[in-house]
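All figures in this text were calculated on a predicted structure; none of them were measured in a lab.
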Amino acid sequence: MTRWTHHGGKLDEARRWFGEGRDPWIDLSTGINPLGWPVEKAPAIDWRGLPGDALLAELEQNAARHFSVDPAHLCALPGSEAGLRLLRGIIAGNVLHGAACYRTHRDIHPDGRAFIPGVDDPALLDGNILLIANPNNPDGGLLDKVQLNALLERQTSSDGWLVLDEAFADCLPDISMADRIADDRRLLIFRSFGKFFGLAGIRLGFVIGPRATIARFRERLGSWPVSTAALVIGAAAYADRDWITTTQARLIEQAATLDGLLHAHGLSPQGACPLFRLIVTDVAATLFARCARHAILTRPFDENAGWLRIGLPADAAALARLDRALEGG
């Protein structure tokens, strides 16, 4: 089972390992919106030309409007993970990450250590980089703005940095700290396009921060930071306010339905992110295998063997299959 504990996904490997069943596989391991933005609404894409500056400017303006920031404080990335991997070459300091965190936060900073806000000595943060996901991945936990503002004030005054991975914040826009971005605040925010818009294959993300720091990201990324397809589709999706607001409400409703199903099986879902739920149970490995036999891939964990993360089913049919799998039928 450890082959599926590093990240979500690897559906092809699941097919090879568990075989093809009567029904097509469902991937509930990633926390990606199963009903993504309809790409047929995007303008035609010129596959022959290099990504243009005007298209990049339009994308960044539309994304900045969505995040409620000035476009000068934002830079498009070929996926938020790519930006996270550039981080240590752009800002200085040792990295402290959340105790239960997105695997990449640990992998790209092997010399870092875990920090628990409100528990560990705050002096450990002085002059260092505190990297936190909010909502947290994988457990969906939230830090409120009072906590985050206190951390930001400390990091700014101690010449450290607060770096927020808000990959899932589009689902809960009020939690974002984007409104606190300023040139005199040591705050960086990473945002993901693919999770909320359900188009992870686009590989599009953003970094938001002080203009001088954003300029260093632009220098590292070079002339064509993202593909033409990402520019065109991203700009159109961020401009689609009706779809965004409808989807935010729908995801909340679908998550409540998933919670009801899990409770009906005697499970206690955790987390506030509508795109996934964490289950803590002694039978996590059994449930993973049971779902796999029903051609449903969920997310197990190696360091927390009692954890199982379940993404949001796309529709009633997918929910019914999950119901049967959890029942063991």
Side chain [X], main chain [Y], donor-acceptor under 3.5 Å:
| X | Y | value |
| --- | --- | --- |
| Arg290 | Leu326 | yes |
| Ser192 | Gly205 | no |
| Arg203 | Ala200 | yes |

Proximity of Phe206 and Phe193 rings by center, below 6.0 Å: no
Hydrophobic cluster partners of Ile252 (side-chain heavy atoms under 4.5 Å): Leu142, Leu172, Ile175
Sidechain N-carboxylate O distance under 4.0 Å for Arg154, Asp126: yes
Short N-O contact, Asp170 and Lys195, less than 4.0 angstrom: no
Pair listing, ring pair (Phe, Tyr, Trp, His ring centres under 6.0 Å) test, anchored in residues 123-144, at least two apart: none
Compile the donor-acceptor pairs under 3.5 Å between side chains in residues 261-270 and protein atoms, sequence neighbours left out, one pair per line.
| residue | atom | partner | partner atom | Å |
| --- | --- | --- | --- | --- |
| His263 | ND1 | Leu267 | O | 3.4 |
| His265 | NE2 | Asp323 | OD1 | 2.5 |

Go through the structure and list residues passing salt bridge (charged side-chain N to carboxylate O under 4.0 Å, His left out) with [X], not counting sequence neighbours.
| X | value |
| --- | --- |
| Arg220 | none |
| Asp183 | Arg211 |
| Arg293 | none |

Pair up each side-chain donor or acceptor in residues 47-56 with any protein partner under 3.5 Å, not counting sequence neighbours, and list the distances.
none

Listed partners of Gln155 passing side-chain hydrogen bond (donor to acceptor under 3.5 Å, both in side chains), at least two apart: none
Can you sort out the partners of [X] under side chain to side chain contact (heavy atoms under 4.5 Å, CB included), two or more places apart, ordered by chain and number?
| X | answer |
| --- | --- |
| Ala318 | Ile26, Pro313, Asp315 |
| Leu187 | Leu152, Leu162, Leu164, Met177, Arg180, Ile181, Ile189 |
| Arg16 | Asp12, Glu13 |
| Ser68 | none |

Full working for side-chain contact (heavy atoms from CB on, under 4.5 Å) between Val207 and Leu86: CA-CA 11 Å; Val207 59; Leu86 291 174; over 6 Å; no
Considering all heavy atoms, the nearest Leu35-Arg250 contact: O-NH2, 3.4 Å
Whether His66 and Tyr238 hold their rings parallel, tilted or perpendicular, with breakpoints at 30° and 60°: tilted
Parallel, tilted or perpendicular: ring planes of Trp25 versus Phe18, cut at 30 and 60 degrees: tilted
More than 12 heavy atoms of other groups within 6.0 Å of Asp282 CG: no
Glu219 atom CD, over 12 foreign heavy atoms within 6.0 Å: no
